[in-house]
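Worksheet for the structure shown next.
Position 1 is the first residue of the sequence; numbering continues from there. In listed order, ligands and their atoms are each counted from 1. Note that these values count all heavy atoms, side chains included, but never hydrogens, waters or copies made by symmetry.
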Amino acid sequence: MDYLKIKGTKALGGTIDISGAKNASLPLIAMTILAKNKVNISNLPHVVDIKTLLKLLANLGAHCTFLDDKTIVDTSSITNTKATYDIVKTMRASILVLGPILARFGHCEVSLPGGCAIGQRPIDLHLKALEQMGARIEIRAGYIEATAPNGLQGGEIIFDKITVTGTANVVMAAALAHGETTIINAAREPEVVQLCEVLQNSGIEIEGIGTAVLKIQGTAGELIDIKDFSIIPDRIEAGTYLCAGAITKSTLTLTNVEAKHLGAVLAKLEEMGNSFTITDTTITIHPAKIIKPVRIVTQEYPAFPTDMQAQFMALATQADGVSIIEEKLFENRFMHVSELQRMGADITLNGHTATVNGVTQLSGTDVMATDLRASSALVLAGLIAEGETNVHRIYHLDRGYDALEKKLQEVGADIQRLKE
Ligand code: EPZ
């Protein structure tokens, strides 16, 4: 297994290019199951989760062609409608193929995703919505067995909780359903917005894009001629590198980034004393000389994203004062805390709330990544810790960050990828 060796306390400087968004790519790749044509996708990030989903599609019978500037996905040859445990267990977002396969073929078997480090991650809301659209769903031997022999029917879906992939699943199912589907309490994340926009550009009538109420006119089973598209920038990758600039007190410029997707993150970084120069495609961070403490509550978009919680926890260890971070979406998303404490961070947990006593000089040591965003928090801590930090189990990191160590090396970080 690989690990990252980081020598801390080096100032950084320069430009980092942001890759395509993992969490936009996943539903958009699943969406190709609805296409009558070969779909051209550009700006896909080179991360493991994307490779995993493309492998799942290939297992179903789809063909993917990788060119320098785009990936061509042809799902016309899909014959198999079973997403098996061996793949689904490695990536829960595989559940995103359920809606499209069911809508197109009238039957689908998807392995239940199983547990996840950050929380139980149920999919009850996905299943309830599809049943409301006429699907018959049974759970048998660890698999979801869904059938809709006469196709899915449009209807009114009210989500008890806002669910990002749940909304994406229902949007894709509704696109091929009979009649109109209204989704109430829909997720508004930019990744869901792009899915809706690509479908709309391909002829699907969708109202309310970017709002909590979506109205989708289905094609009654007619496949869609999906127009070419380019994946939006990854706002969480961008937020992570902004935190790298803030924690090392370095001026960094991010390119190919969409600042409007980072409103809550930029606002919190400003509260902590940082300032920014922003253009249509770039963000430059001008770091605080003294990092101010902050109060964060994670919520659905456009509020502060849970996927940035761990990174801000690392940053808060360097703030001049006490920060309070409350995690409201997932029940177990504080596993980076014990690793940060081993580096000397002064953090107290009380249920879903972390109290971070700042201005501790962290010390490098061996730490273990536990999940995707926790991994990046440990890298950020390593950048400012005295001595060497070795971040182990970075297969978690590779799921969602495209060439992280190369991007940090290019702005001066002393970070290497080595073999255990
Ligand atoms: C998406 O996960 C993201 N993943 C996650 O990013 C992100 O943390 C999460 O949204 C929240 O923003 C992808 O987009 C691939 P949810 P998702 O359904 O869709 C509960 C990363 O780091 N819930 O919005 O699985 C659930 O338990 C990953 O890139 C139900 O109760 O999250 C959670 O408490 C981690 N029943 C809340 O809703 C359901 O059927 C939000 O979950 C579905 C969800």
Side-chain angles (χ1 to χ4, degrees), residues 19-31 45 47-50 52-53 56 88 90-99 110 112-132 137 139 144 157-172 183 185-195 212 231-232 234-240 261 264-265 297-311 327-333 335-336 352 369-377 396-402 404:
S19 301
K22 164 180 85 82
N23 290 349
S25 304
L26 293 169
L28 285 165
I29 290 170
M31 176 206 64
V47 297
V48 169
D49 273 8
I50 301 314
T52 302
L53 188 56
L56 192 165
V88 175
T90 65
M91 188 188 63
R92 12 179 352 84
S94 307
I95 193 67
L96 283 164
V97 303
L98 174 61
V110 177
L112 281 168
C116 165
I118 63 175
Q120 205 245 328
R121 308 286 296 274
I123 51 160
D124 57 310
L125 300 179
H126 299 236
L127 303 184
K128 185 178 153 201
L130 292 171
E131 281 177 326
Q132 285 176 271
I137 290 183
I139 308 294
I144 300 158
I157 307 294
I158 302 176
F159 276 123
D160 299 345
K161 289 176 83 169
I162 295 172
T163 163
V164 173
T165 49
T167 302
N169 238 332
V170 175
V171 164
M172 292 188 282
I183 304 174
N185 204 20
R188 299 164 52 194
E189 273 71 0
E191 297 76 25
V192 173
V193 168
Q194 184 172 29
L195 172 67
I231 303 292
I232 57 172
D234 192 316
R235 60 193 168 98
I236 305 302
E237 182 196 22
T240 304
H261 295 160
V265 172
V297 180
T298 64
Q299 294 169 85
E300 295 83 1
Y301 192 89
F304 188 89
T306 175
D307 292 350
M308 284 300 305
Q309 179 257 108
Q311 299 92 312
E327 172 54 59
K328 292 192 77 169
L329 268 81
F330 292 112
E331 57 271 32
N332 188 36
R333 204 170 196 175
M335 285 175 297
H336 42 283
H352 292 175
T370 50
D371 58 85
L372 169 56
R373 305 304 173 184
S375 319
S376 63
H396 290 291
L397 192 86
D398 293 340
R399 293 189 52 179
Y401 286 96
D402 187 348
L404 176 133

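- Per-residue contacts place K22 under 4.0 angstrom from the following atoms of ligand 1 (heavy atoms of the residue considered): 21 (C), 29 (O).
- By the criterion of a heavy-atom distance under 4.0 Å, the side chain of T306, and not its backbone, is placed next to ligand 1.
- R235 places a side-chain heavy atom less than 4.5 Å from the side chain of P305.
- A donor-acceptor pair is defined here as one N or O able to donate and one able to accept, closer than 3.5 Å; such a pair exists between the side chain of R92 and the backbone of R121.
- The option with the heavy atom closest to atom 2 (O) of ligand 1, from among M91, R121, Q120, is R121.
- Side-chain contact between L96 and L53: absent, with no pair of heavy atoms (C-beta onward) separated by less than 4.5 Å.
- Of the possible polar contacts, one joining the T167 side chain to the A187 backbone as a donor-acceptor pair under 3.5 Å is found.
- Distance from atom 31 (O) of ligand 1 to its nearest protein heavy atom, with residue and atom name: P122 CG, 3.3 Å.
- Partner of Q309 under the side chain to side chain donor-acceptor pair (under 3.5 Å) criterion, out of K328, R373, H336: H336 alone.
- Side chain of E331 to backbone of Q120: a donor-acceptor contact under 3.5 angstrom is found.
- The ligand atoms of ligand 1 that sit less than 4.0 angstrom from a heavy atom of R333 are 8 (O), 22 (O), 35 (C).
- The side chain of F330, and not its backbone, has at least one atom closer than 4.0 Å to an atom of ligand 1 (non-hydrogen atoms only; side chain from C-beta on).
- Here the protein heavy atom with the shortest distance to atom 18 (O) of ligand 1 is T163 OG1, 2.7 Å.
- The main-chain N or O of L26 is never found under 3.5 Å from a side-chain atom of D49 such that the two would form a donor-acceptor pair.
- Sorted by first and then second residue, the side chain to side chain donor-acceptor pair (under 3.5 Å) pairs with a member in residues 297-306 read T298-E327, T306-E327, T306-R333; sequence neighbours excluded.
- Per-residue contacts place R373 under 4.0 angstrom from the following atoms of ligand 1 (heavy atoms of the residue considered): 21 (C), 22 (O), 29 (O).
- A donor-acceptor pair is defined here as one N or O able to donate and one able to accept, closer than 3.5 Å; no such pair exists between the side chain of E189 and the backbone of V164.
- With a 4.0 Å cut-off on non-hydrogen atoms, H126 touches ligand 1 through its backbone as well as its side chain.
- Counting heavy atoms closer than 4.0 Å to ligand 1, residue D124 contributes atoms from both its backbone and its side chain.
- Y401 pairs by the ring-ring contact (aromatic ring centres under 6.0 Å, His included) definition with nothing, not counting sequence neighbours.
- In terms of protein heavy atoms, atom 14 (O) of ligand 1 is closest to N23 CG, 3.4 Å.
- Both the backbone and the side chain of T165 come within contact range of ligand 1, each with a heavy atom under 4.0 Å.
- The distance from ligand 1 to the heavy atoms of L329 drops below 4.0 Å at these ligand atoms: 11 (C), 33 (C), 34 (O).
- Two residues are said to be in side-chain contact when any heavy atoms from C-beta on lie closer than 4.5 Å; K22 and R399 fail this criterion.
- Under a 3.5 Å cut-off, the side chain of N169 and the backbone N or O of G99 do form a donor-acceptor pair.
- For ligand 1, the polar-atom distance check finds an N/O of V164 within less than 3.5 Å of one of the ligand's N/O atoms.
- Of all the heavy atoms of I236, none lies under 4.0 Å from any atom of ligand 1, so neither backbone nor side chain is involved.
- Given atom 41 (C) of ligand 1, the protein heavy atom at minimum distance is I162 O, 3.8 Å.
- One option in L26, L125, D49 has a heavy atom closer to atom 40 (O) of ligand 1 than any other, and that option is L125.
- Residue-level proximity to ligand 1 for R399 is absent, since no heavy atom of it falls below 4.0 angstrom.
- If you number the atoms of ligand 1 from 1 as listed, the ones under 4.0 Å from a heavy atom of I123 come out as 39 (C), 40 (O).
- With a 4.0 Å cut-off on non-hydrogen atoms, D307 touches ligand 1 through its side chain and not its backbone.
- The shortest contact between atom 20 (C) of ligand 1 and any protein heavy atom is with K161 NZ, 3.8 Å.
- Between T165 and I123 the shortest side-chain heavy-atom distance does not fall below 4.5 Å.
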